[in-house]
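Counting convention: from 1, in listed order, for ligands and their atoms alike.
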Amino acid sequence: MTPLFDLSGRVALVTGGNGGIGLGFARGLARCGAAVMVAGRSAAKNAAAVAELAALGARAEAVTVDVTDTASIRAMVEATVERMGRLDILVNNAGTNIRRRPEEVSPEDWHTVLNTNLTSAMFAAQAAYPHLRAHGVGRIINNGSMLSLFGMPLHAAYASSKGAVVQLTRALATAWAKEGITVNCVLPGWIDTDLTRKARADMPGLEQKVVERAPAGRWGSPADFEGIAAFLASDAAAYVTGTAIPVDGGYSISG
Ligand code: NDP
């Protein structure tokens, strides 16, 4: 019997797949049989992630990319197709945050966050599109946030980028559904990664506040993203498109 979430023969490209949530997505795809191209800035982190995925028995390779540079994004997609033979699953996960009150946000801060979190997803999707449609089973998984839903005082740029990622998801889903490409967005709650380790240091009380508000009673971990990646990338999710799915231990439905 074929497993429901079998991804054998499929190729996935995961931006920011060299650590944190991105490596969780990559592990989920690899565990279902996909070959994975890890894309990040740090060659050392890329190599460690490739070793981890290979240890699971997956084919894994890495490409260095700066997702704030659209030429670098195009080169990342072309390198994936050249080296892995095709591209079926694009995970737009790379992201960053600069926490400042709105009155202190510089144009550079704004553009760094918007380019990394939003513009990169648009142009990676555009570069991947001809390859995703080629076999009629294309998948795009974008990474949003609880700040796609809420506001917070230090997050004008980040919340703007992550709110727009949900709308980008919906727009692309409507454009490409008839070509067999689904486009969905994952909304992580508070997850223990490098990004939030700094937030916990900067925001006293955050650690406990998350534990108290999330009905699951804990922070999330990158392993919590393996299942959603496997599902959204699979043929079983062929009729699921344009969604924004919280993976948050219930944080967003709790007062
Ligand atoms: P990490 O800091 O562990 O991961 C960020 C990833 O993005 C790294 O792999 C990093 O690679 C990559 N990256 C950042 N900037 C660039 C760039 N310019 N070009 C290429 N790659 C880049 O944090 P998380 O795993 O937490 O974050 C992953 C995603 O999840 C982000 O989109 C974030 O906004 C989102 N998210 C995280 C939440 C959390 O609680 N942790 C909550 C909600 C959303 P490298 O180091 O090599 O540059």
Task: Donor + acceptor pair across side chains of N93, T15 (<3.5 Å) - done: no
Open item on the list: Can you confirm, on distance only, whether ligand 1 has an N/O atom lying under 3.5 Å from any N/O atom belonging to T116?
Closed with: no
Task: Short N-O contact, D194 and K198, less than 4.0 angstrom - done: no
TODO: Output yes when the distance from some N or O of ligand 1 to some N or O of S42 is under 3.5 Å, and no in every other case.
DONE: yes
TODO: Mark up the atoms of ligand 1 that fall under 4.0 Å of a heavy atom belonging to G20, in ascending order.
DONE: 3 (O), 25 (O)
Open item on the list: Parallel, tilted or perpendicular, judged at 30° and 60°: which one describes the rings of Y251 and F150?
Closed with: tilted
Open item on the list: Just checking R31: does its CZ atom have more than 12 heavy atoms from other residues, nucleotides or ligands closer to it than 6.0 angstrom?
Closed with: no
Open item on the list: Which residue and atom name correspond to the protein heavy atom nearest atom 28 (C) of ligand 1, and how close is it?
Closed with: N93 OD1, 3.4 Å
TODO: Specify the protein heavy atom at minimum distance from atom 27 (O) of ligand 1: its residue, its atom name, and the distance to 0.1 Å.
DONE: L195 CD2, 3.9 Å
TODO: Quick one: look up the protein heavy atom nearest atom 6 (C) of ligand 1 and list residue, atom name and how far away it is.
DONE: G16 CA, 3.9 Å
Open item on the list: Is atom 4 (O) of ligand 1 touching the protein, meaning some protein heavy atom lies under 4.0 Å away?
Closed with: no
- [ ] Note the single closest protein heavy atom to atom 44 (C) of ligand 1, along with its residue, its atom name and the distance in Å.
- [x] G144 O, 3.2 Å
Open item on the list: We want to know whether N142 and T169 form a side-chain donor-acceptor pair, criterion being a heavy-atom distance below 3.5 angstrom.
Closed with: yes
TODO: For ligand 1, find out whether one of its N or O atoms is nearer than 3.5 Å to an N or O atom of G17.
DONE: no
Task: D6 side chain to T2 side chain, donor-acceptor N/O pair below 3.5 angstrom - done: no
Open item on the list: Do I21 and V166 sit in one hydrophobic cluster, given that two such residues count as connected whenever their side-chain heavy atoms are within less than 4.5 Å of each other, even indirectly?
Closed with: no
Open item on the list: For ligand 1 and G189, I'd like to know whether there is a polar contact (N/O to N/O, distance under 3.5 Å).
Closed with: yes
Open item on the list: Can you confirm whether the side chains of T68 and N115 place a donor and an acceptor under 3.5 Å from each other?
Closed with: no
Open item on the list: Starting from atom 15 (N) of ligand 1, what is the nearest protein heavy atom, named by residue and atom, and what distance separates them?
Closed with: R41 NH2, 3.2 Å
Open item on the list: Counting non-hydrogen protein atoms only, what is the nearest one to atom 34 (O) of ligand 1? Give residue, atom name and distance.
Closed with: Y158 OH, 2.6 Å
Open item on the list: Taking 4.0 angstrom as the limit and counting only heavy atoms of S145, give me the atoms of ligand 1 inside it, by number and element.
Closed with: 43 (C), 44 (C)
Task: G24 near ligand 1 by a heavy-atom separation under 4.0 Å - done: no
Open item on the list: What protein heavy atom lies closest to atom 25 (O) of ligand 1? Include the residue and the distance to one decimal.
Closed with: I21 N, 2.8 Å
- [ ] Could you tell me which atoms of ligand 1, counted from 1 in the order shown, lie closer than 4.0 angstrom to a heavy atom of W190?
- [x] 40 (O)
Task: Salt-bridge contact D224-R218 (side-chain N to carboxylate O under 4.0 Å) - done: yes
Open item on the list: With nothing but distance in play, are any N or O atoms of G40 less than 3.5 Å from an N or O of ligand 1?
Closed with: no
Open item on the list: Counting only heavy atoms closer than 4.0 Å, does ligand 1 sit against the backbone of K162, its side chain, both, or neither?
Closed with: side chain
Task: Closest protein heavy atom (residue, atom, distance) for atom 9 (O) of ligand 1 - done: N18 OD1, 2.6 Å
Open item on the list: Checking side-chain polar atoms at under 3.5 Å, does S106 have a donor or acceptor matched by the opposite partner on D109?
Closed with: yes
Open item on the list: Going by the closest heavy atom to atom 7 (O) of ligand 1, which one wins out of G95, S221, S161?
Closed with: G95
TODO: Give a yes or no on whether a salt bridge exists between D88 and R86, defined as a side-chain N under 4.0 angstrom from a carboxylate O.
DONE: yes
TODO: In plain terms, say whether E207 and K209 are close enough for a salt bridge, that is, a side-chain N and a carboxylate O under 4.0 Å apart.
DONE: no
Open item on the list: Check this for me, if you would: do D235 and R10 make a salt bridge, where the nitrogen-to-carboxylate-oxygen distance has to be below 4.0 angstrom?
Closed with: yes
Open item on the list: Would V67 count as a polar contact of ligand 1, with the cut-off being nitrogen or oxygen pairs under 3.5 Å?
Closed with: yes
TODO: Pick whichever of D66, N143, T96 has a heavy atom sitting closest to atom 18 (N) of ligand 1.
DONE: D66
